[in-house]
Protein chains: 2
Amino acid sequence: MGSITVKGSVDVNGVSDLDDVPKRRRRRLLSVDSILDAALALVDEHGRLTMAELATRLGSSASSIYHHLPGRDAILEALRERLGRDIGTIPVEQTWDAGLATWLRRYRDVFAAHPNLIPLLTGQTITDPTVLASYEAVTGMLLRGGFPEDEVVLWLSVVDNFALGSALDLAAPDEVWRPSAPAGQDSPTPRMDAAVRAATRGRERADAAFELGLTALVAGMRAHLDAAADNG
Amino acid sequence: MGSITVKGSVDVNGVSDLDDVPKRRRRRLLSVDSILDAALALVDEHGRLTMAELATRLGSSASSIYHHLPGRDAILEALRERLGRDIGTIPVEQTWDAGLATWLRRYRDVFAAHPNLIPLLTGQTITDPTVLASYEAVTGMLLRGGFPEDEVVLWLSVVDNFALGSALDLAAPDEVWRPSAPAGQDSPTPRMDAAVRAATRGRERADAAFELGLTALVAGMRAHLDAAADNG
DNA sequence: ACCTGAACACCGTTCAAGT
DNA sequence: ACCTGAACACCGTTCAAGT
């Protein structure tokens, strides 16, 4: 029974299984993709990533992981690349303001799907070609929109900072935006308590704030562009 | 000689030194303030904070620190409070837009003095009364400016996210904003390379981007307010 | 080529023992 | 009350030994 060979079967990694040798090679346990899947799941569930927990989830040992990826930092960088790819390219037929808004929403949406990952990524730098290509596209969009070349990098920084800050907002607990005292009772922050009570909470608040800020930022950029055109 | 008592001397901690007992009590080595000073210096210099390095710098042992502060997280939270206090209150006689700009600039300036600290603080939540009082003041300012109560929390989130993202920008290396290929050579990101070459770099870029974004954001908020007033 | 356990250097924290 | 070294549980990483 144990010696029956299934002809032409293909395993999950897409590797042909025809190499039946007398001493059958043990099945490939790990792959870069399976490691990244497990790592992302771990971060989503617990908000942290340790090599030991990762190994347990993979049914493997921590040292085995190092045969596929050179360490914990590399895993995080690979996850960043994966998310960067998910943002995708922006439609070129849009005007700069619509295109920028589209890009920023996708940017944040992708990270919003994995809020716990964001704090783990802030320490590292972007080197992934896909992510850089996305910046290149936005650069072209802003230039076509009429922004001067020496200003484009500044605007890229601005929207990047806003998007990152908004993404981090998703990971942080909502404590600041929870009224510290019940209505009618004395509080050191009565106006804020009332304002918090009047607004939505949690994810809904974060989403609405992002949308409001995005609109204001783009409107401000448009005003800046118009003012420069009037002077020129 | 060793038995001479200096009358009424006061040590650095403001504790009277008159309790001369046969076996003179050893001088107080640590205090909350000295620990926080050393911790901030360590973060500024190395971008990280370990209890062992902190103890070495204090000429003490790691376990001693726990007699003054309940752990590493408490040290970071205390540093956050310290910086929060540095932001101070905003002048009430300003209009909402000028006041908001003043507050955001101070907010970022304070963190800009210690960029390495920012990534270490993003994980924790604000609980310090001084920081909360500062949010309360901004809330009052926006309400007086005419923003509806149920929108104030959203705008607070927006400017908070922008300020945090901009502060984190100071801590990250400038790699993304460095041209990947020399001028005239083929590059996957030619337009961005040219834009980066036309702009300033490092701290100067981060500062200019913050100023530009701040102006745009406030202008966008003003436009939003005016549009709502026209409809109402 | 891939996997493993043991070992390593390091981390934050606890605690009994000292003064 | 404050300080200390030793010990603890945990961390990422290395490596000789296996298949």
Side-chain angles (χ1 to χ4, degrees), chain A residues 2 11-36 38-39 42-43 46-79 119-121 123-124, chain B residues 2 11-36 38-39 42-43 46-79 119-121 123-124:
Chain A
D11 72 11
V12 277
N13 299 315
V15 175
S16 161
D17 208 0
L18 292 172
D19 50 335
D20 257 20
V21 279
K23 258 186 186 159
R24 188 194 267 274
R25 173 87 62 57
R26 201 182 347 171
R27 189 160 210 72
R28 209 170 185 276
L29 262 183
L30 301 178
S31 69
V32 172
D33 271 337
S34 69
I35 291 170
L36 295 183
L42 219 48
V43 169
H46 304 119
R48 66 198 145 94
L49 177 66
T50 72
M51 298 302 282
E53 284 174 318
L54 182 54
T56 303
R57 176 178 274 263
L58 288 163
S60 170
S61 76
S63 51
S64 303
I65 298 168
Y66 288 79
H67 290 281
H68 301 86
L69 287 153
R72 200 187 96 108
D73 283 353
I75 294 175
L76 290 173
E77 182 58 28
L79 286 178
L120 303 180
L121 294 185
Q124 286 170 55
Chain B
D11 72 11
V12 278
N13 300 315
V15 176
S16 162
D17 208 359
L18 291 173
D19 49 334
D20 256 20
V21 279
K23 257 184 189 164
R24 187 193 269 273
R25 173 87 62 57
R26 201 181 347 168
R27 188 158 211 71
R28 211 169 184 277
L29 261 183
L30 301 178
S31 70
V32 172
D33 270 337
S34 69
I35 291 170
L36 295 182
L42 218 48
V43 169
H46 303 119
R48 65 200 147 92
L49 177 66
T50 72
M51 299 302 281
E53 285 174 318
L54 182 54
T56 303
R57 176 178 272 263
L58 289 163
S60 169
S61 76
S63 50
S64 303
I65 298 168
Y66 288 78
H67 287 100
H68 303 268
L69 287 153
R72 199 186 97 107
D73 283 353
I75 294 175
L76 290 174
E77 183 58 27
L79 286 178
L120 303 179
L121 295 185
Q124 286 168 57

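All values below were derived from every heavy atom in this structure, side-chain atoms included, with hydrogens, water molecules and symmetry-related copies excluded. Numbered from 1 within each chain, the chains take letters A, B, ... in sequence-line order.
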Note to self: Just so I know, are the side chains of B:I75 and B:I65 near enough to count as touching, which here means a heavy-atom distance under 4.5 Å?
What the structure shows: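 Yes, side chains in contact.
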Note to self: Is there a side-chain contact between B:L42 and B:R57 in this structure, where contact means two heavy atoms from C-beta onward sitting under 4.5 Å apart?
What the structure shows: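 Answer yes - side chains close enough.
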Notebook entry, point to check: So what does A:L49 touch, heavy atoms closer than 4.0 Å: a base, only the sugar-phosphate, or nothing?
Noted result: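 Sugar-phosphate: the residue A:L49, judged by heavy atoms under 4.0 Å, touches backbone atoms but no base.
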Pick out the pairs of N or O atoms, protein on one side and nucleotides 8-10 of chain C on the other, that lie under 3.5 Å.
none

Notebook entry, point to check: When you measure from the side chain of A:R28 to the backbone N and O of A:L30, does any donor-acceptor pair fall under 3.5 Å?
Noted result: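 Side chain of A:R28 to backbone of A:L30, a donor-acceptor pair under 3.5 Å: yes, one is there.
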Closest heavy-atom contact between [X] and [Y]?
{"X": "B:A55", "Y": "B:A62", "value": "CB-N, 3.3 Å"}
{"X": "B:L79", "Y": "B:A39", "value": "CD1-CB, 4.3 Å"}
{"X": "A:L120", "Y": "A:L76", "value": "O-CD1, 3.9 Å"}

Note to self: If I take atom NE2 from residue B:H67 and atom CG from residue B:L29, how far apart are they, to the nearest 0.5 angstrom?
What the structure shows: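 It comes to 12.5 Å.
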Check: How many angstroms lie between atom CD1 of A:I35 and atom OH of A:Y66, to the nearest 0.5 angstrom?
Finding: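 A:I35 CD1 to A:Y66 OH: 11.0 Å, rounded to 0.5 Å.
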Please state how far atom [atom1] in [X] lies from atom [atom2] in [N], giving the value in whole angstrom units.
{"X": "B:L30", "N": "D:dC3", "atom1": "CG", "atom2": "C1'", "result": "8 Å"}
{"X": "B:H46", "N": "C:dC11", "atom1": "NE2", "atom2": "P", "result": "12 Å"}
{"X": "A:L120", "N": "D:dG12", "atom1": "CG", "atom2": "C1'", "result": "15 Å"}
{"X": "B:R48", "N": "C:dC11", "atom1": "CZ", "atom2": "P", "result": "7 Å"}
{"X": "A:L54", "N": "D:dG12", "atom1": "CG", "atom2": "C1'", "result": "12 Å"}

Note to self: Both atom distances under 3.5 Å, Watson-Crick or G-U wobble: I'd like the secondary structure of DNA chain D as a dot-bracket string, with | for pairs made across strands.
What the structure shows: ||.|||||...|||||.||
Distances under 3.5 Å between protein N/O atoms and the N/O atoms of nucleotides 13-16 of chain D, please, pair by pair.
residue	atom	partner	partner atom	Å
D:dT13	OP2	A:Y66	OH	2.7
D:dT13	OP2	A:R72	N	2.9
D:dT13	O5'	A:Y66	OH	3.1

With sequence neighbours excluded, tell me which residues meet side-chain hydrogen bond (donor to acceptor under 3.5 Å, both in side chains) with [X].
{"X": "B:T50", "answer": "B:E53"}
{"X": "B:S34", "answer": "B:S31"}
{"X": "B:S64", "answer": "B:S60, B:S61"}

Notebook entry, point to check: Can you tell me if the side-chain N/O atoms of A:H68 get under 4.0 Å from OP1 or OP2 in C:dC3?
Noted result: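 So the side-chain polar atoms of A:H68 do come within 4.0 Å of the phosphate oxygens OP1 or OP2 of C:dC3, strictly under.
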